[in-house]
Each structure stands twice: as C-alpha cells, then as structure tokens.
Protein chains: 2
Amino acid sequence: MEEGLRERKKRETRERISDVATGLFMARGFEEVTIAEIAKAADVSVNTVFNYFGTKEDLFLDRQEEVEDVPARVALSRGEGESVVAAFRRDFLAAIETRDWRYGMNDGAAEFGRIMARSPSLQSRLREIELRRADRLARVLAAQTGADEDDLRPRLVAGQILETAVLLTRGMWLRLMSGQSWEEVRPWLREQAKAAFDLLEGGLGDFGT
Amino acid sequence: MEEGLRERKKRETRERISDVATGLFMARGFEEVTIAEIAKAADVSVNTVFNYFGTKEDLFLDRQEEVEDVPARVALSRGEGESVVAAFRRDFLAAIETRDWRYGMNDGAAEFGRIMARSPSLQSRLREIELRRADRLARVLAAQTGADEDDLRPRLVAGQILETAVLLTRGMWLRLMSGQSWEEVRPWLREQAKAAFDLLEGGLGDFGT
DNA sequence: TACAACTTTGCAGTGACTCTAATTTTGTGG
DNA sequence: CCACAAAATTAGAGTCACTGCAAAGTTGTA
C-alpha cells in the first residue's frame, strides 16, 4: 500500500505541529504557550491544530495515548503459568534496565516531569489515560480468568497493579526532577519496585500494626 | 465567638450559590449550565461566584473537598493492634449499613452518579481530590510506621486502599444509575467489598495462573 | 481537464476564568 | 449618629481553549 501525497502531507503536518508544540512546551512550560502561538510557529491555522489534536493536552501527551494498551499486552503475553503480578514485576524491572520509554524512563524524563508537575490539566489528562489503561487491562483479565460481569476483582487487580506502576514512576520523576542522575535513581527504583511488587503479591496483611 | 452580620451574610451567600448551582446541575446536567445562569439565579454577579468557588467544578464537589481528610482520620482512629486494612474494611462495611454519605451512599447517589458520569471535567476533579486524600493518608501512615522519606510503601498502601474504595463506589454508582434500588445493590456491595478487602489483605498472589 | 473528495482557513461565536478599578455594604471609633 | 476604614460586590474589558460553518485551496480520479 503506497502512501499517497495526501497521506504523507497529513503525517508531516501532524508531526510538525506536535514537534513545534513540544519544543515550545519544553522551553516555556505548558500553560505559558498558547495554541495560537503553536499554530503560527508551525505555519498552520489554529483550526488545523484542532483538526489533528482534540485538546491542547493531547499535543503533549500524544505518545502516551499511543501506548494505551501496553498493560493489556503485558497481561496477554505472559508465560504459561505466570501470574499477573509476576508478569508486571518482570516487565517493570526489565524496563528499569533498558530505560524503556513506555514507562517514562527515557532521556527527557526529568524535563517531562517538570512540565507535568507545573500543569494540573496535564496531570489530569494523564490520569484519564491511566484510567483507560486500567479498564482495558481489566477486560483482558476478566476474559482470561472467565470472571463474570459482576465480579469486581479483575478491575481491582488491574487498578492495584497500575497504581503501583504509577507511584513508582512518580517517585522516579521526583528524584530526576530534583537533579539526581539516572544512575543515582536506578538503584532506588530497583529496590522500591521489588518492595512494591512484593507488597502487591503478598498483600497489605498486618501493615500498620 | 459571635458570628457577626458580615460572617453570616457571607455564609448565606455561599450556601445560596451552592444550593442554586446544585439544583440547576441536578435538573439539567453540569455542562449544560453556565456560571452566568447560576449567578443570575442566585442573584449575584459572576465575579461573586468566583469569589467563593475557584472553579465551576468546585460548585458541585464542594462537600467532597470538605471531607478530604476522612481516610487519614480512619487510619488515626483505628484500634490498638488493628491493621490499616482491617480498619478500612470495618469502616467501609459499616458505611454500607448506615448508608454513610461520606462514601456517596446517601439518597441522591444515583443522580449524583449520573451527573458525574456525563462530565469528564467533574470526574477529573474528583480524581484530584482522591489523589490528595491518598497523599494525606500516606503521610499519616508514614508517621505511624516511622517509615523513612525514601520508602514508598506508605504511599503504596494508601493508594491501594483508596483505589479499592473508589472502585467499589464506582460499581455501586453504576448499579444505582442503571435503576437498581439500594436494597438490590447493598448485598452485591457487601459481597464485593469483602472480596476486595480480602484481596487487598492477602495480596494478588497467583491471580491469573 | 473537469469534477469530487478532502484539507485548510477565516470568521464569528461561547464560556470559564482573570484583572483592575469603581461602588456598595458593614464594622468601628469618636 | 456620623464619619472613615475595611471588606464585599460589582462592572467591564480581556484572554484563551474550543466549536461550528462556509469559503477557498489542494489532491485524487475519471
């Protein structure tokens, strides 16, 4: 299937807008940049920006949406007899070693975190994406375990696991943002991830007594 | 300490605005009502509305914010030797029997849920409140267990517990919204709550194998 | 080359929210 | 009871994300 001129132009325009926007956000922060500026810098009209991106937040969180089904895929592709928690533990610990961008561990992480931290609307949008991730994971788990419609457990399991991953990631961001290098953060993250998944696997039990 | 005329008027104005707004939202939905309408109906200027409520969402979620520290208090007031999970299980199961409004189990729950369900911005605001609840609970837990600054576990425990409560509540809302009576929903909620807290207490272990 | 389909644009809104400068209302000291 | 300060309310003008529509431009196709 050839990519015609029309398709190519559309892709290019979309990428140009996204790149220009990201550059401006990085330089000056999310709230401080208006869509009108982005449009002008990308040499398109404001309406064209909205043709490609439904909201301003989408301009920044584009790639997060793309990987909305990552957790569901982790659950689907786990080994025979491997528990769900085990699969996510393995995936997350591997991500630490490879600095997987799907978990926000790539190079720009500190800057990404700084921008997120200063914009409530971006944070809220990210939470939305995480919510959809959890819902999708829950559907996969429900199908795999044959749980019936009324059973909340698949959704609970999905929620617990993703909440764990989110909190680990948030901790990582905070440390990167405070100026620590990735090599300083990595051991902490490894250790906390292990503790977190242990807690998840073994339960909160008598925590706090 | 007397309540002077000024204080009384302020309180009355605030309540009038909040009541008028809630009434309009109930009748026509959140997005469908403008602040200008609310101001006119409450016989104040638009600016006065913003004097009392920072955002439109706050007009509806006023009471939720008031009880932002409920989970922290549950943790603080638990019995000697009682685990955190046990305390929340107890509190939640009790709430089911008394239809505690703090857990959204009061009479207007179905209508409340319907309005929430149709407004993404309200949902996002509620998530924010829940986030702050979890942060506050985490601080209490950290203090109680003497966990050090780097230890994510208190925040993880807080997150897991509140996520559980949120999902139980969401399930309840969905059922109430679909027309089921409270008497039909209650047994389901009891059962699911027990299962949920069991899962939380004992861990996800080999779920999904 | 003509025509249909699609993309981009301009224009005119709407509505939440902000800022500033009046104007009104309330508490207080003489 | 009367000024005067402090606080509350208001009007007015503006910003910005986002929407809807119709006109203009571009691309694929017969």
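Sequence lines set the chain letters: A, B, ... in the order given, protein chains first and strands last, and positions in each chain run from 1. Predicted, not measured: the structure shown is a model, and the values here were computed from it.
In this structure a side-chain-to-backbone donor-acceptor pair under 3.5 Å is present from Arg133(B) to Val67(B).
To the nearest angstrom, P of dA17(D) lies 5 Å from CD1 of Ile35(A). Remark: P of dT19(D) and CG of Asn47(A) are 10 Å apart, rounded to the nearest angstrom. For Arg14(B) and dA7(D), the CZ to P distance is 19 Å, given to the nearest whole Å. The CD atom of Glu31(B) sits 13 Å away from the P atom of dC18(D) (whole-angstrom rounding). One can place CZ of Phe50(B) at 5 Å from P of dC17(C), the figure rounded to the nearest angstrom. Whole-Å rounding puts the Glu32(A) CD to dT15(D) P distance at 17 Å. Across the protein-nucleic acid pair, Lys40(B) atom NZ and dT10(D) atom P stand 13 Å apart, rounded to whole Å. Look at CD on Glu37(A): it is 8 Å from P on dC16(D), rounded to the nearest Å.
Contact annotation: Thr48(A) side-chain N/O to dT9(C) OP1/OP2 distance is under 4.0 Å. Lys9(B) has no side-chain polar atom (N or O) that falls below the 4.0 Å cut-off from OP1 or OP2 of dT25(C). A close approach under 4.0 Å does occur between a side-chain nitrogen or oxygen of Ser45(A) and OP1 or OP2 of dT9(C).
As judged by a 4.0 angstrom heavy-atom cut-off over every strand, Tyr52(A) is placed among residues touching the sugar-phosphate backbone only. Residue contacts for Val49(B): at a heavy-atom cut-off of 4.0 Å it reaches no nucleic acid atom on any strand shown. Residue-level contact check: Val44(B) touches the backbone only, with heavy atoms under 4.0 Å from sugar-phosphate atoms and none from bases.
Along DNA chain D, the nucleotide closest to Val46(B) and the one closest to Gly54(A) are compared, and the more 5′ of them pairs with Val46(B).
Exactly one of Gln64(A), Lys56(A), Glu65(A) qualifies for a side-chain contact (heavy atoms from CB on, under 4.5 Å) with Arg125(A). That residue is Glu65(A).
Side-chain contact annotation: Ser121(A) with Ser124(A), donor-acceptor N/O pair under 3.5 Å absent.
If you look at Tyr103(A) and Phe92(A), their ring centroids are closer than 6.0 Å.
The residues Glu111(B) and Arg114(B) are annotated as salt-bridged, a charged nitrogen and a carboxylate oxygen being separated by less than 4.0 angstrom.
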